[in-house]
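Following: one structure in C-alpha cells, then a few remarks.
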Amino acid sequence: MNRYSISFLPVNSFLPSFHSAMDAISLQKIQISGPTLASLIQRVSSAAGDVDGLLFGRVSHITPFTLSDDSSTATTSDQPTLVATVTSFFSSNSTSTFYSASGQLDTPTLNNLLSTSDDRLIGWFSGRRKTQLRPSMRESSVTSALASSIQFSSQVQSSPESLTFPPCIFFLLTTPFQDQLIHTHEYKAFQFRSSTDSFDPKTLDVVNLGPAFRGHYGNFTPNSPFPDLPFQVKGLNCESMVEDEGEKENQKFGTLCDQSFKIGRLKSLMGSEAANYTAELEELYNNMINKLNGLAKLVEQSSARVLEQENHNMKLRYKVAGFE
Amino acid sequence: MPPIVFTQLNYLLTHSPHSIKVEQMWSGSKNPGLLDRFTLAIPFCLDYIKWDVIYNAQFPLLAPDIVFGPEDEKFRPYNAGGEGDLKPKNSLSDWNCKDPTRLLSLILELRSLYMAYQKKRVGEVDDERLKFEINTIYSREGIEMYMTSGVDKPEEVKLAVPLLEMDLNKMVAGSTWRHQQKIYLQVIYPVSRKYLAMASAPRLKLVSSPELKAFFSIDEFRLPSWLEGMCMAEYLPTLEEMLESQIRDAISSIEVRRKFITALAIPFGRPVESDPVFCRKATFLACSGVFTFLVHISLPIQFPRQQPALMLQSSQHFHSHPGNAPIKSAILQDYPWSPRWDVVEMAERIFDYLVEECLNFKKYCNEVLVQQR
C-alpha cells in the first residue's frame, strides 16, 4: 500500500468534517517551474496523438502577506492560504491509462503508477490537439473522482493543523484550431471543487530563475530529484557497455578508482612534481569522457529500439482497427 | 478516417431517429491525416446542440470522449460520485469498438440525459408564472425545455411542445419520410424574478419538420391570439383543434391534386414523371407538328384556389453554353383559370392554352439558336 492512506488513517474517525474541510479550501494559485511546464508542453506536442498523465507536487500553507495599517481591511480569513506546486509529472503515450471509458478510476493501476514514485499526486493533465479549451465529459468525471478520493489525498505542508488535500488539480493542454495563429499551445489550470461540482480556473504561476523573479523564487522550493534507477541497468556495471577501445580505458578507470584516487593527491599538482600528475589526471578525464560517450551511445541505441517498438505497436493497433 | 470510427459514424447518420448532422471533421494527430474528431449538430428543443466527439486516431479502439457546448459546463452525465458508490452502467462502461451501433446509442443516451438536465435547470428557475405553466402542462409527453443563459443574453426558457397525437407519417399514404414528422409549438418565456400581475404573452412560433412543407405550409397557419391572463393549458387545445382540421384539409387536397393529374392524362397522355405521394409535380411529353417538348406542371399547396405553374422545355433546342442545357420557357402562370371548373375542364383549358403558347415557345427557341451562331 502507499503511504497516503497511511498518513490519512489517524484522522479517519473525523471523516464527515474532514471531508467538507478537504474540499472547501480554495487554492490561491498553482505554481510550476518553467522547465517543468516546458517539458509538459514538449511531451504533449511531441506525442503522436492525445496523451494524459499524472501531476506530482505538494500543497503548502503560506502565511498571508498583508501589509496594511488599516485593521478593517486586513481580513482574517478562517481559511488557510494554500498554494499548490507542480514539481513533476508522469505521462503515458496514450489516454485512458488509469481510468475507464466512462471516467471511473482504475485504482489498482493508479496505485501501481504511484508506487514507483516518491512524489505526491496532486492532480492530472490531459493534452489533446485542436479541441476546445474546456474539460470534456470524461475529464470531468475523472477529475471529480480524484477530487473526492480520500485514498489519494496528501498532507498539506507547513500547516499548523493537520490538513489533507485531494488530487483536485487539472491541467488542460490544447492547440488552436487554426494552424496560422501566432501561438501554438494553449493551456489552462483548474482546481476542481467537489462542493460546487465545478472547475475553478486558477492562475498558473510560472516560476523562473532571474532577477525579475527573485522575490518569487524565494518562496519556491524547486524539486529536481535525481532519477531513481531501481533496477539493475545492464551495461552500467559490465564491460560490454563501452565498446572496443573503450574497454581498456574502462578497466584503467576502474583501476584508478580501485587505487582510491584520493582528492588529497590533487595537492601533488602544485609544485615540482606536477608534470607527472598532469598526465595521470588527463588520462582519468579521458577515461571519464569515454565512459560518458559509451553511455550516450547506449541511450541512443535504446531510444532507437524504443521507437522501433512503438512503431511496431502502432502498426499492430492499426491492424486491429482495420486499416489493412 | 479510421474504418472502425467511420462505421460507427455512418451507422449514426443513417439510423438516428433525429436528423443529426456532422458539422466538421478534423484530425488531432501530430501528422494530420486521419480524421478522428468531429462536431455533431444534434436537434434539441427546435435548435441544435453542438457536441465535439473526440476519438484518438492512434488508439481507434478506445471509446470517444465528448466536449459539450460552452454553456453546458455543468452538464456531467456520467459523474462517478463518491468512492465506493455503486456506478450505474452506461453506454461507455462496456464500450465495444467493433459494434457500429455504440456511438449512436451513446449520443442518444446523452441526449436524453441532457434533456433531463435542462428540465431540472428550468425547474430550478425562481419564476412563479413559469412554475405554474410547467406544472399544468407537465402531463404532456415529449416536451423539451432549454434554458438560455449567458453573460450578454437575456434569461429565457424555451419550450418545444409537440402538437397533435396523430402519426403524420401514417396519415400521408405512401410517404417515404425516414424521420417522424411532427409539428411543435415553440414557446419562449422571458424569466422574471418578480411576480407580475400582468405577465406578458410568451413568444409563440409554430415549427414543423422541414419535409412537412411538401403538403402543409406552416407559415400560412395563423396562430390563435393569446388573451390576457391566459395559460398554455388553455391555449393548446384550441390551437391543436385548428391545426388538426387544417392538416386534414391538406391531406384531402392531396387527393384533389391526384385527380387533377389523372385528368391531365386525358388530353396530354400518360405523364412521363409525376410525384405520387404529394402530387405536387407532373411532367408530360407533348408535340406540335415535329416540335417536341416537355410540359412541367407544378401544383401549389393551395390548389385549386391557386393555378398550377407551367414550364416548357424543348427536346430539340439546346444552349451552346453552359453545358448544353435544354432551352426552357419562363414560368407560365397567367392563363385562364377558375377554381370552380371541374378537373377535366381545368386540364382541357391548359391543353388549349398550350396549343397556342407552344408556338411562341418554338419561336423563342429558334431565336436563341440564331443568337448563338
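Not measured: the values here are computed from a predicted model. Letters A, B, ... are given to chains in the order of the sequence lines, protein chains preceding strands, and every chain is numbered from 1. Just so it is clear, the values below take in all heavy atoms, side chains as well, and ignore hydrogens, waters and symmetry mates.
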Cut-off 3.5 Å, no hydrogens considered: what does the side-chain donor-acceptor table look like for residues 9-17 of chain B, sequence neighbours left out?
residue: Thr14(B); atom: OG1; partner: Asn10(B); partner atom: O; Å: 2.8
residue: Thr14(B); atom: OG1; partner: Tyr11(B); partner atom: O; Å: 3.3
residue: His15(B); atom: ND1; partner: Tyr11(B); partner atom: O; Å: 3.2
residue: Ser16(B); atom: OG; partner: His18(B); partner atom: N; Å: 3.1
residue: Ser16(B); atom: OG; partner: His18(B); partner atom: O; Å: 2.5

Would you give the length of the straight line joining atom [atom1] of [X] to atom [atom2] of [Y], rounded to the nearest 0.5 angstrom?
X: Ser27(B); Y: Lys130(A); atom1: OG; atom2: NZ; value: 7.0 Å
X: Phe177(A); Y: Gln24(B); atom1: CZ; atom2: CD; value: 6.5 Å
X: Met137(A); Y: Asp72(B); atom1: CE; atom2: CG; value: 13.0 Å
X: Gln132(A); Y: Lys50(B); atom1: CD; atom2: NZ; value: 11.5 Å

Practice problem: For each of Gly49(A), Ser140(A), Ala48(A), tally heavy-atom pairs with chain B at distances under 4.5 Å, and name the one with the top tally. | Solution: Ala48(A)
Quiz prompt | Atom group of Thr175(A) that falls short of 4.5 Å from chain B, counting heavy atoms | solution =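 Neither; nothing under 4.5 Å.
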Self-check item: Atom group of Ser198(A) that falls short of 4.5 Å from chain B, counting heavy atoms
Solution: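 Contact with chain B involves both backbone and side-chain atoms of Ser198(A).
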Quiz prompt | Asp50(A) with Arg37(B): basic N within carboxylate O range, under 4.0 Å | solution =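 Here Asp50(A) pairs with Arg37(B) in a salt bridge, since their nearest N and O are under 4.0 Å apart.
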Quiz item: Which residues from residues 38-49 of chain B are near chain A, with near meaning under 4.5 Å between non-hydrogen atoms?
Solution: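 The stretch does not come within 4.5 Å of chain A.
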Quiz prompt | Contacts of type side chain to side chain donor-acceptor pair (under 3.5 Å), residue Lys182(B), not counting sequence neighbours | solution = none
Quiz item: Between Arg76(B) and Asp197(A), is there a donor-acceptor pair closer than 3.5 Å when you use the side chain of the first and the backbone of the second?
Solution: yes
Quiz item: Top residue by heavy-atom pair count (under 4.5 Å) with chain A, among Phe68(B), Trp95(B), Phe75(B)?
Solution: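 Most heavy-atom pairs under 4.5 Å with chain A: Phe68(B).
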Quiz item: Within a reach of under 6.0 Å around NZ of Lys120(B), are more than 12 heavy atoms found that belong to other residues, nucleotides or ligands?
Solution: no
Quiz prompt | Greater than 12 external heavy atoms within 6.0 Å of Lys205(B)'s NZ | solution =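 Counting other residues, nucleotides and ligands, NZ of Lys205(B) stays at 12 neighbours or fewer.
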Self-check item: side chain to side chain contact (heavy atoms under 4.5 Å, CB included) partner of Arg138(A), chosen from Asp65(B), Ile66(B), Ile54(B), Val67(B)
Solution: Asp65(B)
Practice problem: Heavy-atom distances under 4.5 Å only: say whether Phe6(B) touches chain A with side chain, backbone, both or neither. | Solution: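 Neither; nothing under 4.5 Å.
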Quiz item: Which pair of non-hydrogen atoms, one from Lys30(B) and one from Ser45(A), has the smallest distance, and what is that distance?
Solution: CE-O, 3.3 Å
Quiz item: With sequence neighbours left out, what residues match Tyr146(B) under ring pair (Phe, Tyr, Trp, His ring centres under 6.0 Å)?
Solution: none
